[in-house]
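This report refers to the structure that appears directly beneath it.
Counting convention: from 1, in listed order, for ligands and their atoms alike. Position 1 is the first residue of the sequence; numbering continues from there. Remember, it's a predicted structure, so these values are computed and weren't measured experimentally.
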Amino acid sequence: MFTRTHTCGELRASHIGQTVRLNGWVNSYRDHGNLIFIDLRDRYGVTQLVFDTDDAKNAGAADAGDKHAHTGMMGAADKLRNEDVISVEGTVRIRSGGENPKLDTGKVEVVVTSLVLLNKTENPPFLPDVIGTLPNEEVRLKYRYIDLRRPAMQKIVSTRSKALQSVRKYFVDANMFTEVETPVLYKSTPEGAREFLVPCRNVPGSFYALPQSPQLFKQILMVSGCDRYLQICRCFRDEDPRADRQAEFTQIDLEMSFVRREHIMTMMEGFVRHFWKDMLGYDVPPMQRMTYRNAMETYGIDRPDTRYGLHITDISEIAAKTDFKVFRDALAKGADRPRFNSKRGVVKAIRVPGGAEKLTRKITDGYSDLAKRFGAGGVATAKYIADPAGAKFDTGCAKFLEPIKAELVAALGLEPGDTLLFIADTYSVATKAIGELRQQVARDTNVVPKPGAEGGPWNFLWVIDFPMFEKNKDTGKWIAMHHPFTAPRDDQRDLFVSASVDDDDTIESIVSAGYDIVLNGSEIAGGSVRIHDRDVQSKVFQLLGLTPEQAKEKFSFLLEALSFGAPPHAGIAFGFDRLIMHICGTDNIRDVIAFPKTQVGADLMTRAPSAATPAQLKDLFIASTWTPEPSKA
Ligand code: ASP
């Protein structure tokens, strides 16, 4: 009885004169006295409906335009409110009020002859056709089904679906990848994040872990001869809340056999090119490559946004020639990354073109707070200004900078009107802090182009040659920079073999065969050539401080698999949600996930997570040790 003949986005001038049936939600309602207009909405679009028969009016009970209770079709329409679900039948005609160029269906309207109310709505907490400010996100998440009715959200949902097809087109249809599903109830693997545990009722006291990624399964699939694997999979990481993360997220997970770094990078670059062309019609140019070290030195971060300059320069040598205490104290600090710098602390600088005007005192004062958040003492600021007697510095530290002025001008390309920002500390602290400062300065001086969806440049970049290991600041122990299954770069084999557990310098200097793809300052993919040799894998575990017993306990299945004919293999995983964020031009990860969680991991609609009943806990042999915090009241 309500089978539709067309969707609400379908009718055009060519349908004029046809009898049609449409279903959808009442998007808006306008009573013009002698006519009622309703915009009917479904996922495909909006169509204007007209209700023009009013029995009372036709019987001469009132003149057009008079206020009276409508009867007939207008009477039925009169009872409708926004978001009621209706089915209508009527005739398509040319739009009476003239074309609405904003709608695809804007040339026509449907004069309704029959109306069925399929479901009446309660007064909705907000309307999907909200223009301008949206209700706050909590309301949107609680009533996600209404939020998803918004055309902008519908568009993201269908873009995501199209993206899934595009991924499969490239990998499965064009490049012979096989889609394989790996378990969600899994065993702990160390990829850095905390895991979600699932108690196993049948084996009391034991737990599954939800996979942080299917890393070991995909490697073992290579041992099984799968050759090229794809999985668009859900991964779980129980990390501390962060605005741009979800505990549950989607990866495009890939692995290939019989390849080295170049092969897999070519295949993945091909995917990026295919995907951007397919989704946005954009031709991605050949991707630049940057070493990790270069990224850290020039941008202070391993996922640099290369859409703008504001490069970082190490001016330690020059800074050593002044008596400025801030510089002196920093240089006297020891080296915390011997491989990356000499045996002392560093002074790093950014030249901000035109900064003397653009960066107010208020802004630069805030920079010291930012630097402090990343462990540095603060930021020294110097304006370089024009002067009849020659350009000069004009801040508190000016007198210390004057003697090294010529060298700073030469090293940084300083011009009158620029501002210099300095951070002086140990290598790691100064690098991290000035990398963050650079991003803030870019925002403050408006040099970041709008995201690609609005026409700004897409800057794709490979970052390669990561260190294999880094020291965990808290525990002082070595950890794998990517994950412990990443191989040393081909030419590092001898260095790797020579490394012993207590030889920090050598361990730190081994370069891995890992690679990341960075887009406009966000990491969209990361992967590596894997270790396929059992002995190499055992040695990595050893350097990471695992005893042979611990390695066996945790990874015997992997070591065993590697010893039964593992081919050389390599892989990568793309963050699917991130890709969609870029394609849709949003910086809110929750916008690209149909049912996301809040920053603290709550689903506001279903109210997950929730307490388990005592009976459930008893079944699982679990007792909670949690006690509510005493109320502060
Ligand atoms: N498993 C890795 C990750 O989730 C990706 C990879 O190395 O393929 O980051």
Side-chain angles (χ1 to χ4, degrees), residues 167 171 177-184 186-196 209-223 226-239 242 244-257 259-261 263-265 267-269 271-272 292 302-303 462-470 479-489 511-519 522-532 536-537 540 555 558 562 566-579 589:
V167 169
F171 287 113
F177 280 69
T178 304
E179 221 172 330
V180 184
E181 291 155 283
T182 56
V184 167
Y186 184 35
K187 188 179 161 79
S188 287
T189 46
E191 290 212 41
R194 188 172 296 136
E195 291 167 323
F196 286 96
L210 302 184
Q212 300 189 35
S213 94
Q215 183 60 37
L216 294 181
F217 280 110
K218 68 173 170 174
Q219 288 191 234
I220 287 173
L221 278 167
M222 295 304 106
V223 185
C226 170
D227 198 60
R228 292 182 170 194
Y229 146 96
L230 159 72
Q231 183 174 198
I232 300 171
C233 57
R234 203 60 61 80
C235 302
F236 305 86
R237 296 183 190 176
D238 187 9
E239 287 172 312
R242 245 181 59 179
D244 62 344
R245 292 246 171 102
Q246 286 275 302
E248 183 180 342
F249 60 97
T250 305
Q251 280 191 345
I252 307 170
D253 201 38
L254 298 147
E255 199 74 14
M256 298 173 79
S257 287
V259 290
R260 299 316 283 163
R261 192 172 83 171
H263 303 124
I264 189 146
M265 286 173 76
M267 174 66 79
M268 296 310 150
E269 200 166 320
F271 165 65
V272 169
Y292 169 83
D302 61 1
R303 46 178 174 81
W462 282 108
V463 179
I464 52 171
D465 295 350
F466 290 86
M468 233 170 115
F469 303 100
E470 64 181 338
I479 51 173
M481 190 139 184
H482 186 48
H483 52 53
F485 319 110
T486 295
R489 202 177 61 190
V511 175
S512 83
Y515 33 74
D516 280 358
I517 302 178
V518 174
L519 169 56
S522 92
E523 183 196 322
I524 57 167
S528 57
V529 176
R530 322 298 187 190
I531 298 165
H532 65 280
V536 174
Q537 186 63 73
V540 167
F555 298 114
L558 172 70
L562 292 182
H569 58 286
I572 195 165
F574 286 82
F576 186 62
D577 307 296
R578 292 246 179 101
L579 288 183
I589 190 168

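Looking at S213 against ligand 1, only its side chain comes within 4.0 Å, counting heavy atoms. At a heavy-atom distance under 4.0 Å, no atom of Q219 approaches ligand 1.
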Evaluation steps, side-chain contact (heavy atoms from CB on, under 4.5 Å), between F574 and L254: CA-CA 8 Å; F574 286 82; L254 298 147; 3.9 Å; yes
Could you go step by step and tell me if R194 and E239 meet the salt bridge (Lys or Arg N to Asp or Glu O under 4.0 Å) rule? CA-CA 6 Å; R194 188 172 296 136; E239 287 172 312; over 6 Å; no
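Across Q215, R237, H483, R530, heavy-atom proximity to atom 4 (O) of ligand 1 is greatest for R237.
For E255, the heavy-atom gap to ligand 1 stays at 4.0 angstrom or more. Residue contact check for ligand 1: Q212 places no non-hydrogen atom closer than 4.0 Å to it.
Atoms of ligand 1 lying under 4.0 Å from at least one heavy atom of I572, given by number and element, are 8 (O). The ligand atoms of ligand 1 that sit less than 4.0 angstrom from a heavy atom of H482 are 6 (C), 7 (O). The atoms of ligand 1 that sit less than 4.0 Å from any heavy atom of Q251 are 3 (C), 4 (O). Of all the atoms in ligand 1, the ones that sit under 4.0 Å from a non-hydrogen atom of G527 are 6 (C), 7 (O).
Ion pairing of R489 with D465 is present here, as a side-chain N (NZ or NE/NH1/NH2) and a carboxylate O approach within less than 4.0 Å.
A 4.5 Å side-chain heavy-atom check between M256 and F177 finds at least one atom pair inside the cut-off. Contact of the C235 side chain with the T250 side chain is not registered, since no non-hydrogen atoms from C-beta on lie closer than 4.5 Å.
Using modelled atom types, no side-chain atom of Q219 and backbone atom of F485 make a donor-acceptor pair closer than 3.5 Å. Here the side chain of S528 pairs no donor or acceptor atom with the backbone of R530 at under 3.5 angstrom.
F466 and Y292 have tilted rings, their planes meeting at an angle from 30° to 60° on a 0 to 90° scale.
For ligand 1, the polar-atom distance check finds no N/O of S528 at less than 3.5 Å from any of the ligand's N/O atoms. Geometrically, ligand 1 and K218 share a nitrogen or oxygen pair separated by less than 3.5 Å.
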